[in-house]
Structure formats: C-alpha cells, structure tokens
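Data first, discussion second: the structure below is written as structure tokens.
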Amino acid sequence: MARSIICPASSGFSTRLALPECCRCTPQPLPALIGAARQAGLPLWCDDNVLRQRARAAGVDAFSIADLLTVLIPDQPDPSDAADSYWEPAWTALASQYVADLPLTAASIIAIAGDWTPGPADTALARPGWWQYLAGSWAEQWLATATVAAAAPGTLTDVTLAALTGALQAVPTSRSAQRYQQIAAIALAACHYAAVQPPPTTLPAMAGHVGRSVMAKPEHVLRELIRALQRRPDIPDPVGAAVNLLPGVPLS
C-alpha cells in the first residue's frame with residue numbers, strides 16, 4: 001500500500017484512521033509537516049482544509065478522507081456533498097472520532113453531541129471548515145443545532161462559544177462583528193423554538209469570548225434578533241418574541 005504522512009487534526013486530536021506502512025509524525029508544528037512530506041517525497045493525509053491548501057501551494061500532494069473515499073469507493077455520490085444521505089453515516093462516525101473539517105449537517109452534529117458535554121460536536125463547530133463548507137446554508141444549520149442544544153439545560157452557552165470560535169475564523173476580520181451578532185441572534189432564536197428563556201450568562205459569556213473589538217451591545221443584538229425573527233414566516237410577532245427573549249434590553 002502507498003505510504004503517506006498523516007497530519008494530526010488542528011483540533012489537537014489525531015485522526016484515528018491509519019494506513020498500514022504510513023509515516024505517522026511525532027507532534028510538531030503543523031506547517032513543519034509540509035516540509036517533512038516534501039523531504040520524504042510523500043503525500044500528506046490531512047483533513048485540515050487550510051493546511052492542505054498550503055501543502056498543495058508548496059508543491060506537496062495532499063488529500064483528505066473525502067478524497068480517499070472517492071478512490072476506495074468509486075461510482076458513488078460525491079463524498080464532499082453533505083446533502084447526499086449516502087455518506088452521512090460515514091461522516092457522522094468519523095466526526096465522532098474527531099476527524100476535522102468534514103461536510104456535516106446539523107443532524108450529524110446533533111448525533112455526535114450525545115449529552116452535549118464537551119466533545120466532538122463542539123470540536124466540529126469550533127472549526128472554520130464547517131462554516132465555510134455550509135456557505136449559504138449555515139444560518140439554518142446553526143439554528144437547527146442550537147435549538148436542540150437550547151433544550152438541554154446548561155448547554156447553549158458553551159455550544160454558542162464553540163460556534164463563535166469557528167464562525168468568526170470563517171469570515172474576514174472586517175465581518176467579524178456582523179457575524180458575531182448573527183450567531184448570537186440565531187442562538188437566541190433557538191431558545192424561542194425550544195420554548196426556553198436564554199441563560200442569563202449567554203450574552204456576557206459571548207462578549208467575553210470575543211473581546212471588545214468584536215462584541216456588540218445587547219441592544220444591537222436585539223435588533224439583529226428582530227431581523228432574524230422577521231425572516232421566519234412561522235413567527236407572527238417577531239418584535240414581541242425578541243423582546244421576550246431579551247427582557248430589559250432597550251428597544252432603540
């Protein structure tokens with residue numbers, strides 16, 4: 001079997017699948033793996049999207065698990081298409097073992113969340129790759145994920161912080177403040193669908209997580225929440241629902 005260098009996932013967990021006769025690297029800065037692969041004349045097995053792109057730019061062949069499955073299981077739907085249910089069980093199983101940057105749906109995130117203790121679901125949300133892959137559908141997928149998390153007591157704040165970590169890395173710095181408000185508003189909207197009040201610690205924790213340069217005042221989050229609820233045809237009174245979720249925040 002062909003040999004390759006296997007890269008640890010950027011989450012800090014190593015990919016659990018291994019080829020026979022592979023060259024597994026000892027822990028070292030991830031960019032150094034590119035040099036190691038080039039020196040050894042081996043391709044780099046890496047599920048980190050950014051590092052894989054850097055390797056290819058440096059002239060090193062690099063592939064992901066999705067690329068590997070394309071070769072091992074030919075004549076099947078495109079493995080990078082999360083909308084195709086053929087691959088969803090595989091993605092869910094791999095994500096549960098901390099394989100990074102897989103094309104996961106909200107259903108897969110929820111399936112690997114278990115009781116929502118910190119684990120593979122938080123790891124997937126904290127990766128920019130998940131948000132970049134979802135592109136235009138990220139808001140609906142985050143709402144579906146956050147709604148289930150909101151229904152589990154004591155869960156929403158930590159899950160939202162993980163989401164912020166990945167979502168803010170997935171956009172340019174100039175859009176960080178906007179994306180912060182969007183993530184916060186959808187997390188609050190999830191509480192409406194879960195029929196619970198947002199934990200009082202959620203907004204302060206979010207603000208502390210991102211710092212003053214990105215955080216938004218509660219009244220700005222309220223306005224974004226109203227806009228988010230106005231886009232939901234099943235909410236007849238978006239303003240009233242938003243004010244109920246953030247009582248005491250002035251409606252400016």
Can you list everything that forms a side chain to side chain contact (heavy atoms under 4.5 Å, CB included) with [X]? Sequence neighbours excluded, please.
{"X": "A58", "value": "I34, R38"}
{"X": "Q53", "value": "none"}
{"X": "A189", "value": "L143, L225, L229"}

Kindly list each side-chain donor-acceptor pair under 3.5 angstrom involving residues 201-209, sequence neighbours excluded, with atom names and distances?
unit_1 : atom_1 : unit_2 : atom_2 : d
T202   : OG1    : T157   : OG1    : 2.8
T202   : OG1    : P199   : O      : 3.3
H209   : NE2    : L161   : O      : 3.3
H209   : NE2    : T165   : OG1    : 2.9

Exercise. Please list all pairs passing the side chain to side chain donor-acceptor pair (under 3.5 Å) test where one or both residues lie in residues 222-242, with sequence neighbours left out.
Key: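 For residues 222-242, and leaving out neighbouring residues, the side chain to side chain donor-acceptor pair (under 3.5 Å) pairs sorted by first residue read E140-R232, Y193-R232, Y193-D234, H220-R223, R223-S252, E224-R227.
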
What is the minimum heavy-atom distance between [X] and [Y], and which atoms define it?
{"X": "L102", "Y": "A95", "answer": "CD1-N, 3.6 Å"}
{"X": "P250", "Y": "E219", "answer": "O-CB, 3.7 Å"}
{"X": "L104", "Y": "A124", "answer": "CD1-CB, 3.9 Å"}
{"X": "I183", "Y": "W142", "answer": "O-NE1, 3.3 Å"}
{"X": "P218", "Y": "L246", "answer": "O-CD1, 4.4 Å"}
{"X": "A146", "Y": "A187", "answer": "CB-CA, 4.4 Å"}

If I take atom [atom1] from residue [X] and atom [atom2] from residue [Y], how far apart are they, to the nearest 0.5 angstrom?
{"X": "T123", "Y": "Q97", "atom1": "OG1", "atom2": "CD", "result": "12.0 Å"}
{"X": "E88", "Y": "T105", "atom1": "CD", "atom2": "OG1", "result": "3.5 Å"}
{"X": "N49", "Y": "D101", "atom1": "CG", "atom2": "CG", "result": "4.0 Å"}
{"X": "L42", "Y": "L33", "atom1": "CG", "atom2": "CG", "result": "12.0 Å"}
{"X": "F63", "Y": "R52", "atom1": "CZ", "atom2": "CZ", "result": "10.0 Å"}

Is there a side-chain contact between [X] and [Y], using heavy atoms and a 4.5 Å cut-off?
{"X": "P89", "Y": "T92", "result": "no"}
{"X": "R127", "Y": "D48", "result": "yes"}
{"X": "Q141", "Y": "W130", "result": "yes"}
{"X": "V221", "Y": "V249", "result": "no"}
{"X": "N244", "Y": "Q197", "result": "yes"}
{"X": "L164", "Y": "Y180", "result": "yes"}
{"X": "C191", "Y": "L156", "result": "yes"}
{"X": "W91", "Y": "I65", "result": "yes"}

Practice problem: Keeping the roles fixed (side chain from W116, backbone from A149), state whether a donor-acceptor pair exists under 3.5 Å. | Solution: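 No; judged by distance alone, with no hydrogens or angles, the pair does not exist.
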
Exercise. Return yes if some donor-acceptor pair links the side-chain N/O of D158 with the main-chain N/O of T155 below 3.5 Å, else return no.
Key: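 No, D158 side chain to T155 backbone: no donor-acceptor pair under 3.5 Å.
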
Assigning hydrophobic clusters by single linkage (Ile, Leu, Val, Met, Phe, Trp, Tyr; side-chain heavy-atom cutoff under 4.5 Å), is [X] placed with [Y]?
{"X": "V196", "Y": "I235", "answer": "no"}
{"X": "I109", "Y": "I186", "answer": "yes"}
{"X": "V171", "Y": "M215", "answer": "no"}
{"X": "V50", "Y": "L134", "answer": "no"}

Exercise. Please determine if R179 forms a cation-pi arrangement with W131, meaning its NZ or CZ atom is less than 6.0 Å from the six-membered ring centre and no more than 45° off the ring axis.
Key: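 Not flagged: R179 not positioned over aromatic ring of W131.
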
Quiz item: With sequence neighbours left out, what residues match T117 under side-chain hydrogen bond (donor to acceptor under 3.5 Å, both in side chains)?
Solution: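 In terms of side-chain hydrogen bond (donor to acceptor under 3.5 Å, both in side chains), with neighbours along the sequence ignored, T117 is linked to D115.
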
